[in-house]
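Letters A, B, ... are given to chains in the order of the sequence lines, protein chains preceding strands, and every chain is numbered from 1.
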Amino acid sequence: MKILIAIGGREFSKPTLDLGMKIANSFKSSTTIAYVGKKISQFSEKDVSVVHQNLDDRELYRPGIRTLEWAYDFLISKKYIEEKDSNKFNDYLLVDEENSRMKVLLKGQQSDKIDLIMRTGEIIEQLKNEVETNKHDITIIGGGGNKGIHQKLVQFIDSSVFVVKNYSVNKKYRILLPINESKGSDMAIETAINFAKSYKLDVEIVSVPEGKKSIEEVEKILLKTKDKFLKNKIKASTKLISGSAVNSIVNHAKDDSIVILGVSPKNPIMKYFFGSKPLSIAQKCNCPVLITK
Amino acid sequence: MNESYKIISSSILFWFSQKKWFVYSIIISIFLLNLTTPVGLTVPAYHSLIILLLVFMLVTFEPIPFPAIALLTLVLQVVLGVAPPNVVASSFMNDAVLFVMGSLMFAIAIVHQGLDIRLAKLIIKIFGRSKRMFLAGLMTISAVLSSFLGEHTVIAIMLPIGLSVIKNIDTQQSDGKNAVLLTLFSIAYGTIIGSIGTPSGGARNVIMINYLQEFSNVHIDYLKWMKHAYPILIIQLIVAYFVLQLTFPSSLNNIKMRGFNKNVGKTDVKKNINHLFSCLIIVGIVSSWFAFNDIYGLGIIALAGALTFMIFGMISWEEINKNTNWGVILLFAATISLGFQINETGASSWLVMKFNELLATLPSSNSMNVSWSIMAVLSGLTANFFTSSATVSLIGPMAIELHPTDISFALSSAIASGFSFLTVISSPTAMILYSTGLVSTKMFFRVGILMFCISIIILYLMSQFYWVTL
């Protein structure tokens with residue numbers, strides 16, 4: 001599994017980085033920590049590039065490097081990386097790769113499982129390129145900022161998207177898994193099993209009867225799903241909730257929930273203009289939300 | 001749902017989300033093309049104005065690369081019957097375009113020589129008695145250099161000096177944060193203000209000189225421009241110094257004037273000779289701008305500067321090729337070509353006529369003052385959202401047409417276009433400052449709005465009371 005963690009401002013990115021690294025560690029996956037720098041007007045892009053080269057030559061940190069240094073120090077402080085004299089951030093080498101991508105190489109870096117990269121440009125385009133080029137399975141991003149970004153990420157990025165909202169390191173979380181009979185739900189169930197196993201988290205499976213489905217039929221789906229978790233020795237409970245799907249799930253989710261949802265099977269054009277239930281839930285919930293693909 | 005349908009529709013949506021302004025611009029242009037041509041305008045003139053609007057939208061929102069906008073401008077001029085192919089081709093290249101090309105290459109060659117450390121030492125030697133003097137020195141040197149060498153050269157040289165002295169400042173404390181901002185803004189404002197000082201300070205100045213020569217047969221040489229613009233530059237610098245000191249009050253305790261020393265490599269004889277030659281070439285080129293601009297034009301002299309660096313092996317063609325913004329050169333060439341057609345087709349006269357008609361409806365006042373103010377503020381504001389040189393290349397013909405015999409209108413339009421204090425997209429300096437991550441767009445605007453208003457007032461007073469004495 002490959003994970004992409006997108007970071008921005010230092011303090012705001014702490015929870016994102018922490019949760020992202022926990023997930024990466026539990027799945028033993030390779031991780032890319034990406035800082036996407038501000039988009040530069042075409043008028044000035046070459047001038048900015050010359051100045052940044054000049055800053056490198058003078059050993060002055062170019063913008064973005066300080067954020068990556070902070071991220072690296074954070075990983076060391078949390079023991080995600082073993083600290084040694086040889087792997088301090090002082091000696092870094094920037095490798096200019098294609099398509100606005102720069103990789104930070106550290107002397108004595110022992111782990112090839114963590115990559116630090118910088119990209120410059122429009123955030124959605126850059127993260128989409130990163131996921132497409134390096135085939136990441138999950139993109140993890142903070143919950144702050146422009147909500148439209150999350151919608152576009154889910155819409156256009158070819159990986160699961162984890163929006164880390166209101167995450168606290170010390171809180172004991174449980175998984176809230178809203179399901180129906182869609183293909184997206186199957187993927188969400190699979191991901192939830194992996195998460196719950198790795199983290200030893202309890203799972204609450206919920207469903208909202210909609211359309212022509214009878215309550216009995218929905219309960220059957222819930223029990224069938226619960227069995228899958230029990231077979232994997234995961235503590236799971238079920239609940240049938242009523243009302244509109246989005247509002248009842250949002251109201252049911254608490255601060256200590258990690259909501260895992262499947263992507264909507266809706267037509268992409270309809271989703272773009274009118275949104276979808278998973279997107280609305282991700283936007284309205286005040287807790288981490290993972291939309292699986 | 002069919003998987004391939006999903007992939008295709010998702011790709012189209014992504015393209016649309018990235019290029020929506022291109023689609024909107026084309027739709028608006030097609031809509032305008034289908035309207036009846038306004039009374040008093042010829043069809044080619046009307047079409048040239050539609051292309052002007054299209055270019056404004058495309059350059060502002062950047063949905064497609066600049067070279068594509070440039071090519072589209074040329075293609076549309078011919079396809080929509082604005083001008084025949086040969087006329088478009090001949091208006092595509094002139095001294096202003098050569099100047100843009102030459103000055104960009106010359107800038108890269110200068111920055112490549114690593115003169116910043118030597119310059120930092122010089123600034124400390126002259127202004128090192130106090131930290132406030134040092135910042136004033138940074139600002140003044142930035143302004144003087146920028147007036148001759150252009151913004152992009154000077155900001156690239158001065159920013160590393162600025163960042164060296166603020167390297168270890170804790171920006172969490174307000175005193176430290178203000179010291180950082182004061183240093184960065186001192187360099188940026190010095191550089192921006194300086195660019196109005198001489199024709200070579202910015203491509204917009206050269207473009208306006210070219211337009212004046214072509215449309216009004218008025219010639220402005222290097223010295224004449226300086227006589228008009230340099231006093232404004234000096235007043236603006238003094239005002240900017242105090243505006244910044246008031247906006248970012250700081251004890252400056254954390255500034256380390258010799259912070260760059262750590263980054264100084266060992267100077268060797270080869271480097272010294274290189275620096276000496278670089279200075280000689282720079283002095284030679286600036287002197288030639290003074291002495292020979294009438295004979296050779298500013299563009300050819302700028303190209304000669306880049307050429308000299310290459311011939312002496314002080315920079316490789318690969319380095320120049322890699323760092324030159326060819327897209328911007330193409331775009332300027334295309335917009336200048338469009339500017340010529342707007343004038344030739346009579347579109348600029350029609351716009352000015354409409355503008356004067358509008359002025360006549362206003363309560364009686366000094367129409368010269370009102371039209372000057374609107375033109376200057378419009379030039380300044382447009383430049384802040386559209387970049388200065390492109391603004392002058394497109395609205396310059398209208399500024400000249402307002403009062404073809406009075407150069408104060410054309411000069412004011414070009415100078416006001418240099419007041420890029422409001423947005424980070426307005427000039428290379430502002431964008432480079434923004435790209436450091438230490439200055440936000442809001443912060444830039446907050447400080448800049450005051451400077452912008454004061455600068456317009458200074459420009460007005462100088463044009464009313466000083467220029468008339470020249």
Q: Give the member of B/I108, B/I425, B/T436 that has the highest number of heavy-atom pairs under 4.5 Å with chain A.
A: B/T436
Q: Against chain A, work out which of B/A390, B/G437, B/P428 has the most heavy-atom pairs shorter than 4.5 Å and name it.
A: B/P428
**Q.** Contacting moiety of A/K128, where chain B heavy atoms sit under 4.5 Å
**A.** side chain
(Q) Testing the basics here: between A/Q42 and B/P65, what is the closest heavy-atom pair and its distance to 0.1 Å? (A) OE1-CA, 3.2 Å
Q: Decide if atom NZ of B/K19 counts as having more than 12 heavy atoms of other residues, nucleotides or ligands within a radius under 6.0 Å.
A: yes
Q: Answer with side chain, backbone, both or neither: which region of B/E62 has an atom nearer than 4.5 Å to a non-hydrogen atom of chain A?
A: both
Q: Could you please spell out the steps behind the side-chain contact (heavy atoms from CB on, under 4.5 Å) verdict for A/Q155 and B/L13?
A: CA-CA 9 Å; A/Q155 176 99 45; B/L13 272 177; 3.8 Å; yes
(Q) Rounded to the nearest 0.5 Å, what separates atom OH in B/Y5 from atom CD1 in A/I269? (A) 4.0 Å
Q. According to the interplanar angle, ranging from 0 to 90°, do the rings of A/F156 and B/F14 count as parallel (below 30°), tilted (30 to 60°) or perpendicular (above 60°)?
A. perpendicular
(Q) Please determine whether the number of non-hydrogen atoms from other residues, nucleotides or ligands lying under 6.0 Å from atom CD of A/E190 exceeds 12. (A) no
Q: Would you mind checking which part of B/S427 comes under 4.5 Å of any heavy atom in chain A, side chain (CB onward), backbone (N, CA, C, O), both or neither?
A: backbone
Q.
Just verifying a value: how many Å separate A/Y272 OH and B/S10 OG, rounded to the nearest 0.5 Å?
A. 11.0 Å
Q: Mind running side-chain contact (heavy atoms from CB on, under 4.5 Å) on A/K38 and B/Y434 for me, showing each step along the way?
A: CA-CA 8 Å; A/K38 287 159 179 165; B/Y434 173 66; 3.3 Å; yes
Q) Checking side-chain contact (heavy atoms from CB on, under 4.5 Å) against A/V48, which of B/L433, B/I432, B/I155 comes through? A) B/I432
Q. Using non-hydrogen atoms only, which part of B/I12 is less than 4.5 Å away from chain A: side chain, backbone, both, or neither?
A. neither
Q) Where on B/A430 is there a heavy atom nearer than 4.5 Å to chain A: the side chain, the backbone, both, or neither? A) neither
Q | Chi angles and distances behind the side-chain contact (heavy atoms from CB on, under 4.5 Å) call for A/S49, B/N323 | A | CA-CA 8 Å; A/S49 152; B/N323 292 316; 4.3 Å; yes
(Q) Minimum heavy-atom separation for A/H52 and B/S435, please, with both atom names. (A) NE2-OG, 3.1 Å
(Q) For A/D158, I'd like to know if atom CG has over 12 heavy atoms of other residues, nucleotides or ligands within 6.0 Å. (A) no
Q) Given that the side chain runs from C-beta out, which part of B/T429 has a heavy atom under 4.5 Å from chain A: side chain, backbone, both or neither? A) neither
(Q) Do B/K322 and A/Q53 have side chains that approach each other closer than 4.5 Å (heavy atoms only, starting at C-beta)? (A) yes
Q) In terms of heavy-atom pairs under 4.5 Å with chain A, which of B/I157, B/L438, B/D116 leads? A) B/D116
Q) For B/W326, does its backbone N or O pair with a side-chain atom of A/K46 as donor and acceptor, under 3.5 Å? A) no
(Q) A quick test of your reading: do over 12 heavy atoms of other residues, nucleotides or ligands sit less than 6.0 Å from CE of A/M270? (A) no
Q | side-chain contact (heavy atoms from CB on, under 4.5 Å) between A/D47 and B/N325, intermediate numbers included | A | CA-CA 8 Å; A/D47 297 319; B/N325 199 334; 5.8 Å; no
Q.
Shorter than 4.5 Å, heavy atoms on both sides: which option in B/L331, B/L159, B/T324, B/V424 has the most such pairs with chain A?
A. B/T324
(Q) Heavy-atom pairs under 4.5 Å with chain A - which of B/S389, B/G114, B/S17 has more of them than the others? (A) B/S17
